[in-house]
Amino acid sequence: MPIFKIATWNVNSLRVRLPHVLTWLRDVEPHVLAVQETKLPDEDFPLDAIHEAGYTAIFAGQRTYNGVAIFSREKTTEMITDIPELDDHQRRVLGATIDGIRILNLYVPNGERVGSEKYQYKLNWLNKLDAFLKEELKKYDRMIVLGDFNIAPEEIDVHDPRLWEGQVLFSEPERNAFRNMLKVGFQDCFRLHSPSEKSYTWWDYRLGAFRRNMGLRIDHILASNALAPQCVKCEIDKAPRTWERPSDHVPVIAEFSI
DNA sequence: ATGGTGGATACTCCA
């Protein structure tokens, strides 16, 4: 059976990280790469470089903040850039169907700090997302939801759960929102294959966090219950965080036997 | 000690 390899990576500026992305695509050769925080208006999207690397691209861009894109070996159809009922000018959502699989690339709001206006925006955003996922699952049996969720779901996903207790990215309401997404009908691909591994996808640029491995696992690949049994591998690739001028996030890669 | 670094933008916001 053929393998379908899909990855997510918050690149924190596609303009700065384009060389990393191109190197990584050549080395890893995924069928699909979903990226977040491109921070590019659509007219500045580096489409030629992506095409030269052998990928098609769709994108929903924004200057300075946010912005999402999907690079794919195969053609994409049924593109969407918004969640219904969520009037949001921020470009955080990009959906498409590829190889018969419904793909939803998300850049979930960060939330700033617990109790802030942005935190409320995040919780509301996740609530509306839940309703949308239910509708999508009615239409698409095989679905992958991936991206920067800005939530560390469990204690094992945090280098120091005591320090992070009640903090944004690890607060109970956010973790509940993540669990609610799973309850809708998804599974966390990384935990399917590594139930007890302490591995992270993001380290703050400050305080030498990467050197001290003070990280969180906040980037995820979820597969619908129908597709999850076909997930044969899911790994975090820490290597790009050691490269010169890295993103603060690293890629997560999942493989499906389809 | 309540910091720090990095990206984009324009003299500050966001993460």
Side-chain angles (χ1 to χ4, degrees), chain A residues 8-24 33-47 49 59-69 86 88-94 105-126 129 146-153 157-171 173-175 177-178 200-220 236 238-252:
Chain A
T8 176
W9 192 3
N10 180 324
V11 295
N12 187 18
S13 170
L14 186 56
R15 217 188 290 274
V16 173
R17 231 65 68 192
L18 185 62
H20 283 198
V21 170
L22 294 174
T23 298
W24 192 84
L33 171 63
V35 300
Q36 305 85 36
E37 284 205 270
T38 57
K39 298 184 175 179
L40 281 176
D42 288 346
E43 59 267 30
D44 291 346
F45 198 88
L47 203 47
F59 39 89
Q62 181 183 337
R63 188 178 296 281
T64 310
Y65 307 118
N66 313 309
V68 282
L86 190 62
D88 190 358
H89 71 278
Q90 301 187 21
R91 301 294 82 198
R92 297 179 173 280
V93 174
L94 188 59
N105 176 20
L106 302 177
Y107 176 46
V108 176
N110 171 280
E112 192 192 16
R113 66 178 189 284
V114 172
S116 68
E117 207 167 293
K118 285 175 188 154
Y119 182 76
Q120 279 312 315
Y121 162 70
K122 179 180 194 174
L123 293 180
N124 177 57
W125 199 95
L126 289 165
L129 172 66
L146 76 173
D148 177 359
F149 286 65
N150 269 316
I151 302 172
D157 301 312
V158 179
H159 68 93
D160 185 347
R162 273 249 183 101
L163 186 71
W164 280 87
E165 193 179 347
Q167 301 295 312
V168 75
L169 309 184
F170 190 57
S171 73
E174 294 165 89
R175 295 169 64 191
F178 186 87
Y200 312 123
T201 65
W202 169 82
W203 301 260
D204 200 301
Y205 283 123
R206 295 165 287 190
L207 293 167
F210 183 66
R211 182 175 47 79
R212 297 153 72 186
N213 199 26
M214 294 168 60
L216 302 181
R217 192 176 70 94
I218 57 176
D219 300 86
H220 306 292
I236 297 166
K238 276 174 75 171
R241 194 66 166 80
T242 68
W243 298 350
E244 198 177 338
R245 214 179 172 193
S247 169
D248 44 353
H249 296 251
V250 295
V252 183

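Each chain gets a letter, A, B and so on, in the order its sequence line appears, and its residues count up from 1.
- Across all strands, A:R17 comes closer than 4.0 Å only to sugar-phosphate atoms, never to a base (heavy-atom distances).
- Rounding to whole angstrom units, CG of residue A:L14 and C1' of B:dG7 are separated by 13 Å.
- Judged purely by distance below 3.5 Å, without hydrogens or angles, the side chains of A:W202 and A:N10 never pair a donor atom with an acceptor atom.
- In this structure, OH of A:Y205 is placed 21 Å from P of B:dG3, rounded to the nearest angstrom.
- B:dG4 and B:dA15 have their C1' atoms separated by 13 Å, with the value rounded to a whole Å.
- For A:E43, the CD atom counts as densely surrounded, since its 6.0 Å shell holds more than 12 non-hydrogen atoms of other residues, nucleotides or ligands.
- With P as the reference atom, B:dA10 and B:dC14 are 14 Å apart, rounded to whole Å.
- Per the geometry, CD belonging to A:Q62 stands 11 Å off P belonging to B:dA15, to the nearest Å.
- Comparing B:dG3 with B:dC13, their P atoms are spaced 15 Å from each other, to the whole Å.
- Within the 4.0 Å cut-off from OP1 or OP2 of B:dG7, not a single side-chain nitrogen or oxygen of A:R15 is found.
- With B:dT5, B:dC14, B:dG7 as the candidates, the nucleotide lying closest to the side chain of A:R206 is B:dT5.
- By the 30° and 60° cut-offs, the orientation of the rings of A:W243 relative to A:W9 is perpendicular.
- Close to B:dT5, at under 4.0 Å from its OP1 or OP2, lies no side-chain N or O of A:R245.
- With B:dT9, B:dT5, B:dG7 as the candidates, the nucleotide lying closest to the side chain of A:T64 is B:dT9.
- Across the interface with DNA chain B, nearest-nucleotide mapping of A:G111 and A:P41 shows A:P41 to be the residue nearer the 5′ end.
- Between the P atom of B:dC14 and the CD atom of A:E117 lies a distance of 11 Å, rounded to the nearest Å.
- A:R92 places its CZ atom 10 Å from the C1' atom of B:dC14, with the value rounded to the nearest Å.
- The CH2-P distance, from A:W202 to B:dT5, rounds to 15 Å in whole Å.
- Taking the nucleotide of DNA chain B with the nearest heavy atom to each of A:D248 and A:D204, the more 5' of the two is matched to A:D204.
- One atom, CG of A:L216, and another, C1' of B:dA15, lie 13 Å apart when rounded to the nearest Å.
- Counting any heavy atom pair closer than 4.0 Å across all strands shown, A:F210 reaches no nucleic acid atom.
- Under the 3.5 Å distance criterion, with hydrogens and angles disregarded, a donor-acceptor pair is assigned to the side chains of A:R92 and A:N66.
- Taking atom CD on A:E244 and atom C1' on B:dG6, their separation rounds to 14 Å, with Å as the unit.
- Within the model, atoms CG of A:D219 and OG1 of A:T8 stand 5.5 Å from one another, a figure rounded to the nearest 0.5 Å.
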